Each structure stands twice: as structure tokens, then as C-alpha cells.
> 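Sharing a structure here in C-alpha cells format.
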Amino acid sequence: MSINAFPVHSMFNAKTVNYIEEAIAEHQTSVAIQLWEDLGNWHSGLRKKAHSFVAQCYQWDPKNRHEQNIKIARCLLGNGGLFLKNGVGDEGHANNLAHLALAGLIVDFFYSGSTSVSPLFPEVFSLEVPRVAMAIATTALKVVLNKIVSGVGKVNFRVPTYSPIYVEILRLMSKCDTSPIHQAKT
């Protein structure tokens, strides 16, 4: 099984348990034990961290007017995924998947926070950010922005709702692999 099958594989929970048991047996690290004990709250922790990065990294209404912030969130979600872009490169092309909110969430959640899984799987995380991590973090940011736009107190971070978004993000990443402009940026 590929690690990229994470949110769409029907046996994910069983495989996760196997991965964590292997990591605990192999590494005996406190991070592995903590992740095992906190597996039920993993997605909640990701959503909370995403909420923090959304609040910190996007330009919100200075007067914090709810209706203005909804418009801003809609704009971030629209415009070709503005919430993931960070300006343009030297040749005038968008810097996709480069927003500080995305980078911060990935580093904090997957590499340095209490939920970090990078020490457990150095062969996966040491050379580059895995696509699955990028897609999961992107999806979590979208969950938070959807919550702002919807105006409801809670947007559920559930597989049936968000796996199509996750799959679409992976598809777009693959599409970028075929573009010389995007290949040069990665």
C-alpha cells in the first residue's frame, strides 16, 4: 500500500494501527507513543492548528466585521485557490502551494509539533514534504475557510465530505508535474 492512499483507502484505520505499532516497536520514541495514545484526536488537532494558521496568515478585516471576513474567505477559496498561493515568481507565474499558512501548518503539524510523524517515518519525510502531507494540510485549511463562509459553528472534517477535495488536490499536484513552469519551481 502506498502512503499516499491515506484518506481514500478503506482500510486506513487498520493500516494506521499497524504503522504506529511498527513505529513503536522499531523506534520506541515518545512521539510514537504519544501519537498512538492520541490517534482519536489527530484530525481534531490538525483542524485546530489549521484554524490558528488561517487566523494568523491571511489578511482579515481590521475591524473584524463578520460579513467582511466571510467575503474575504470566499475570495481566498475562489480565484483559483488563492488561499494556497504566495505571489508570483520572476516569470510572472503564481507560486502555487506556497502560502505561509500552508507551509506553517505542514511544518508545525507534521514536522515539529506534538503531532509530528516525521520522526516516525524519516524515509518518507526527510527529503521532501510528502504529497499526502501537503494535500491533507491543504484540505484542513479549506475546512477552516469553509467554516468561516458557512457561518456555522462547526464544519465536520469527515472523509465523505472532504476526500473529493483531497483527491482533487493530489490530481492538481500530478498535473503540475507535467508543466515545465511548475516543475522548475519544485
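Since the structure is predicted, the reported quantities are computational estimates derived from the model, not experimental observations. All values below come from the heavy atoms of this structure, side chains included, with hydrogens, waters and symmetry mates left out.
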> Say whether, by atom type as modelled, one donor and one acceptor occur between the side chain of Thr178 and the main chain of Lys175 under 3.5 angstrom.
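Yes, the answer is positive, given that a donor and an acceptor are paired below the 3.5 Å cut-off.
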> I'd like to know if Phe109 and Ile165 are part of one continuous hydrophobic network [Ile/Leu/Val/Met/Phe/Trp/Tyr, side-chain heavy atoms within less than 4.5 Å].
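Linked within one cluster.
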> Would you check if Thr138 and Tyr166 make a side-chain contact, meaning some heavy-atom pair closer than 4.5 Å?
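Of all side-chain heavy-atom pairs linking Tyr166 with Thr138, none is under 4.5 Å.
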> Does Ser174 reach the main-chain N or O of Leu170 with its side chain, forming a donor-acceptor pair under 3.5 Å?
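Such a contact is found between Ser174 side chain and Leu170 backbone.
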> Output, in order, the C-alpha distance, side-chain angles, deciding distance and verdict of side-chain contact (heavy atoms from CB on, under 4.5 Å) for Tyr58 and Leu141.
CA-CA 11 Å; Tyr58 296 112; Leu141 291 173; 4.1 Å; yes
> Working to the nearest 0.5 Å, report the span between CG of Leu76 and CG of Leu82.
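It comes to 5.5 Å.
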> Quick check: closest heavy atoms across Asp61 and Asn69, and the distance to 0.1 Å?
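Smallest interatomic distance, heavy atoms only, reads N-OD1, 2.9 Å.
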> Who are the side chain to side chain contact (heavy atoms under 4.5 Å, CB included) partners of Leu172, not counting sequence neighbours?
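Leu172 satisfies side chain to side chain contact (heavy atoms under 4.5 Å, CB included) with Glu168 once adjacent residues are dropped.
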> Would you sort out whether Phe110 and Val129 count as a side-chain contact (heavy atoms from CB on, under 4.5 Å), showing the intermediate values?
CA-CA 9 Å; Phe110 291 101; Val129 175; over 6 Å; no
> Is any side-chain heavy atom of Arg47 closer than 4.5 Å to a side-chain heavy atom of Lys147?
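When only atoms from C-beta onward are counted, Lys147 and Arg47 do not touch, as no gap falls below 4.5 Å.
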> Are the aromatic rings of Phe125 and Tyr111 close, with centres under 6.0 Å apart?
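They qualify: ring centres under 6.0 Å apart.
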> If you take all heavy atoms of Pro119 and Ser116, which pair is closest and at what distance?
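It is CD-OG, 3.1 Å.
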> Could you go step by step and tell me if Val132 and Ile136 meet the side-chain contact (heavy atoms from CB on, under 4.5 Å) rule?
CA-CA 6 Å; Val132 66; Ile136 289 169; 3.7 Å; yes
> Do Leu105 and Leu46 come close enough that some side-chain heavy atom pair is under 4.5 Å?
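They are in side-chain contact.
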> Taking side chain as C-beta onward, heavy atoms only, is Thr139 less than 4.5 Å from Lys142?
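A side-chain contact under 4.5 Å is absent here.
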> Would you say the side chain of Met173 lies within less than 4.5 Å of the side chain of Leu97, judging by non-hydrogen atoms?
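Yes - at least one pair of side-chain heavy atoms lies under 4.5 Å apart.
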> Determine, using the 4.5 Å side-chain heavy-atom cutoff (strictly less than), whether Ile148 and Leu100 are members of one ILVMFWY cluster.
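Each belongs to a different hydrophobic cluster.
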> About how many Å separate CH2 of Trp60 and CZ of Arg65, when rounded to the nearest 0.5 Å?
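Reported value, rounded in 0.5 Å steps: 14.0 Å.
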> Would you say the side chain of Ile106 lies within less than 4.5 Å of the side chain of Leu102, judging by non-hydrogen atoms?
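Heavy-atom side-chain distance check passes, below 4.5 Å.
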> Can you tell me how far apart CD (Glu128) and CE (Met134) are? Round to the nearest 0.5 Å.
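Nearest 0.5 Å value for the CD-CE distance: 8.5 Å.
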> Between His99 and Lys85, is a side-chain contact (heavy atoms from CB on, under 4.5 Å) present by the stated rule, with each step listed?
CA-CA 5 Å; His99 197 280; Lys85 297 177 182 176; over 6 Å; no
